Amino acid sequence: MNPPNGAPPVITTDALTKVYPGGVTALSGLTVRVEPGVTGLIGANGAGKSTFIKILLGLLAPSGGAARVFGHDSDAEGERIRQLVGYMPEHDCLPPDMSATELVTHLGRMSGIPKTVARERAAESLRHVGLHEERYRQIGTYSTGMKQRVKLAQALAGAPRLLLLDEPTNGLDPAGRNSMLELIARIGEEFGISIVVASHLLGEVERVCDHLIAIDGGRLLRADTIDSFTQDSQTLMIEVTSGTAELRAELEGRGLSARPYQRALLVPIEGDGDGTYDTVLDGVAALGLPLSRLERRRHQVEELFRDDDQREAADVR
Amino acid sequence: MSVETPAPGAPGAPGAPGTSGAPGTSGAPGTAEAPTGSGAGVIHDLGYRGYDGPRLGRRQIITALAWHSFRSSFGLGRGAKAKILPAIALIALCLPAIVNAYTMSAGGPRLISYDVYVATLRDLVMMIFVAVQAPEVVSRDIRSRVLPLYFSRPIRPGDYPLAKYLGFTGACLVMMEVPMLALYAGSVANSHGGSAVWAQTRALIPGLLVGLMWAIVLAAIGLLLASVTGRRAFATGVVAIFFLLTYTLAEILLQIETATAVVKGRGSPLTALTAPSLAEKVSGLFSPFTLFDGVRMWFGATDIGDGVPKVGGFGAVYAIVLIVLLAGCLAGLLARYRKAALS
């Protein structure tokens with residue numbers, strides 16, 4: 001599996017399907033490709049994110065299709081993949097009666113790092129995530145934010161080329177979320193490690209990711225770069241400082257369908273758009289209203305999940 | 001800040017308003033973030049390094065985890081409290097060897113046989129050791145839900161219980177063999193002449209083998225039972241109850257059979273040995289400890305009389321039951337962690 005540029009992509013899946021013995025379908029024909037960088041894996045709880053990660057780690061066998069990580073088949077070469085991948089689970093997974101240094105050193109060794117190197121790497125990983133003197137204390141005494149950092153540090157300890165982070169901001173307060181997201185962005189940018197961040201919080205993922213994969217009910221909603229997710233839409237957003245209701249009536253009188261959105265009006269653009277712009281400007285001028293905003297609206301990532309029509313259209317299958 | 005400041009050096013101006021970020025950044029070539037940015041940059045530059053060196057293979061990772069488990073079986077790498085019980089248990093088991101060395105130095109014979117050692121003491125201490133330390137080895141990881149961190153490492157799901165088993169077997173082996181070696185050391189020190197030393201050595205070897213048998217079976221039973229729950233106290237209870245119930249059952253059966261044999265007029269328990277009834281032969285099959293005795297007897301070891309199954313021609317059955325028990329426990333342990341890897 002070698003694309004033109006030589007190096008295999010970080011992750012590729014081909015019609016990946018997972019049906020649990022009970023008959024629950026967690027993933028259904030998921031085909032995605034993850035490039036280097038930070039990728040958001042977004043979906044509501046139960047959308048199949050954790051199942052997807054378990055398959056990538058080679059811990060679950062897919063019921064159909066295949067997944068490859070750095071070109072290694074997840075089902076056949078799980079051990080090789082786990083050597084290249086660091087995993088941060090969603091839930092609590094830290095023994096309270098061990099110090100962070102001990103734990104991260106031990107888990108580094110479990111990743112195959114020799115003893116002395118594992119010790120150095122543990123200290124470094126913990127420093128990178130912002131734990132300094134605290135790292136000698138027992139983990140039981142840590143705050144939730146510190147524990148999340150230890151979980152991230154243990155994933156780094158094995159010197160991975162890819163990090164799989166499952167809901168890394170879980171349980172954190174707003175400030176904690178921000179610093180965790182900053183940390184993730186920094187690891188992606190400066191450490192040269194590819195990252196997949198699974199989250200149900202779009203607003204967060206949006207901030208740190210280059211790419212986005214949206215899944216729902218085990219199926220791909222959409223996979224693209226963040227930019228294209230938020231690209232220009234075929235909608236004009238008009239805001240006037242007063243007289244919004246009058247303007248709406250006026251525009252509808254001129255044959256445009258305008259609907260209110262917060263304090264603004266949304267007008268679908270027809271044709272190449274010039275005609276719509278002109279009609280809107282004419283309408284505003286006719287009423288003599290103070291125009292404060294007239295722009296093409298950008299898609300919000302949230303719309304993916306709110307707007308069912310759009311979901312159908314974007315469903316790549 | 002000082003984006004276009006004409007004098008970048010300007011060191012001796014502490015009062016300079018707005019430009020007093022970092023004192024030593026004289027060479028900063030006019031980037032807005034220079035003062036704070038370079039401070040953070042230093043950390044980053046020291047910072048992340050990948051690792052391209054050699055990695056341990058799966059076998060070495062298992063060895064490392066086994067060693068880790070071995071150490072934690074004795075509370076090593078844990079707090080002082082965790083070391084108390086294993087230390088007391090080991091000392092208790094070594095006491096008879098010390099007493100023996102003392103009496104032998106006073107000219108007496110060796111009091112204790114290697115394979116039986118001091119049966120009741122060893123049964124009791126090993127029960128306690130396994131019941132308390134097996135949960136230390138497996139239940140903690142279940143309780144703190146750390147298993148996913150192991151399973152996401154380059155090992156297979158079966159490797160985790162394998163390493164735990166190897167480590168804990170090693171710990172049980174230390175508990176069994178160290179007292180025996182102490183006994184041997186004390187005996188050899190008080191023996192005179194090569195033939196006496198050779199006799200001690202020949203007596204020691206079956207003892208060491210008995211220790212090995214105990215260790216590999218008790219570790220498997222202990223870990224399987226302890227791995228059913230993450231609550232340590234509960235896990236200890238499960239292991240202890242299993243040992244006590246089966247032990248008591250087997251002892252009661254043995255006592256009944258021995259007593260019946262006497263009452264039936266077949267004479268003393270000693271003659272019962274020569275012609276054991278079927279019930280007598282099978283009564284020891286219900287507890288690991290009487291199974292050990294049975295197998296030991298099958299190999300023609302020391303008979304300590306009371307409380308030991310009269311295996312008669314059933315010796316092989318004892319060995320088979322013991323092997324089935326061991327295999328069952330190991331299979332259960334594997335299945336338990338295979339399931340855990342998927343959840």
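Just so it is clear: chains get the letters A, B, ... in the order the sequence lines come, proteins before strands, and each one is counted from 1. Here the structure is a predicted model, which is why all the values come from computation and not from measurement.
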Should the pair [X]-[Y] be classified as a salt bridge under the 4.0 Å nitrogen-to-oxygen rule?
X      : Y      : result
B:D141 : B:K164 : yes
A:E182 : A:R186 : no
A:D92  : B:R145 : no

Under 4.5 Å heavy-atom distance to chain B, tell me which part of [X] shows up: side chain, backbone, both or neither.
X      : value
A:L107 : both
A:Q138 : neither
A:I193 : side chain
A:M88  : neither
A:R80  : neither

Show your working on side-chain contact (heavy atoms from CB on, under 4.5 Å) between A:K49 and A:I215 and close with a plain yes or no. CA-CA 8 Å; A:K49 302 186 297 285; A:I215 61 174; 4.2 Å; yes
- Query: B:S139 side chain to B:T229 main-chain N or O, any donor-acceptor pair under 3.5 Å?
  - Reply: yes
Winner by heavy-atom pair count (cut-off under 4.5 Å) against chain B, out of [options]:
options                      : result
A:K115, A:H91, A:R109        : A:H91
A:R121, A:K54, A:M98         : A:R121
A:P95, A:S111, A:G192        : A:S111
A:L103, A:L94, A:I187, A:L60 : A:L94

Residue selection (most heavy-atom pairs with chain A, distance under 4.5 Å) from [options]:
options                     : answer
B:L65, B:L147, B:I62, B:D52 : B:L65
B:S144, B:P148, B:A64       : B:S144
B:R143, B:Q60, B:H68        : B:H68

Original post:
Have A:S50 and A:D166 got a donor and an acceptor in their side chains that come within less than 3.5 Å?
Top reply: yes
| When you measure from the centre of the six-membered ring of B:W214, is the NZ or CZ of B:R122 under 6.0 Å away and within 45° of the axis? | yes
Practice prompt. Is it possible for you to check whether B:K339 lies under 6.0 Å from the centre of the six-membered ring of B:Y337, through NZ or CZ, and within 45° of that ring's axis?
Written response: no
On the 0 to 90° scale, with breaks at 30° and 60°, tag the B:Y160-B:F151 ring pair as parallel, tilted or perpendicular.
-> perpendicular
Worksheet item: Below 4.5 Å, heavy atoms only, C-beta onward: do A:L162 and A:I195 meet side chain to side chain?
Response: no
Sorted by chain and number, sequence neighbours left out, salt bridge (Lys or Arg N to Asp or Glu O under 4.0 Å) with A:E79 holds for B:R156
Among residues 141-157 of chain A, those lying within the under-4.5 Å heavy-atom range of chain B are A:Q154, A:L156
Residues A:D97, B:R140; criterion salt bridge (charged side-chain N to carboxylate O under 4.0 Å, His left out); working and verdict = CA-CA 9 Å; A:D97 52 357; B:R140 297 172 76 248; 2.6 Å; yes
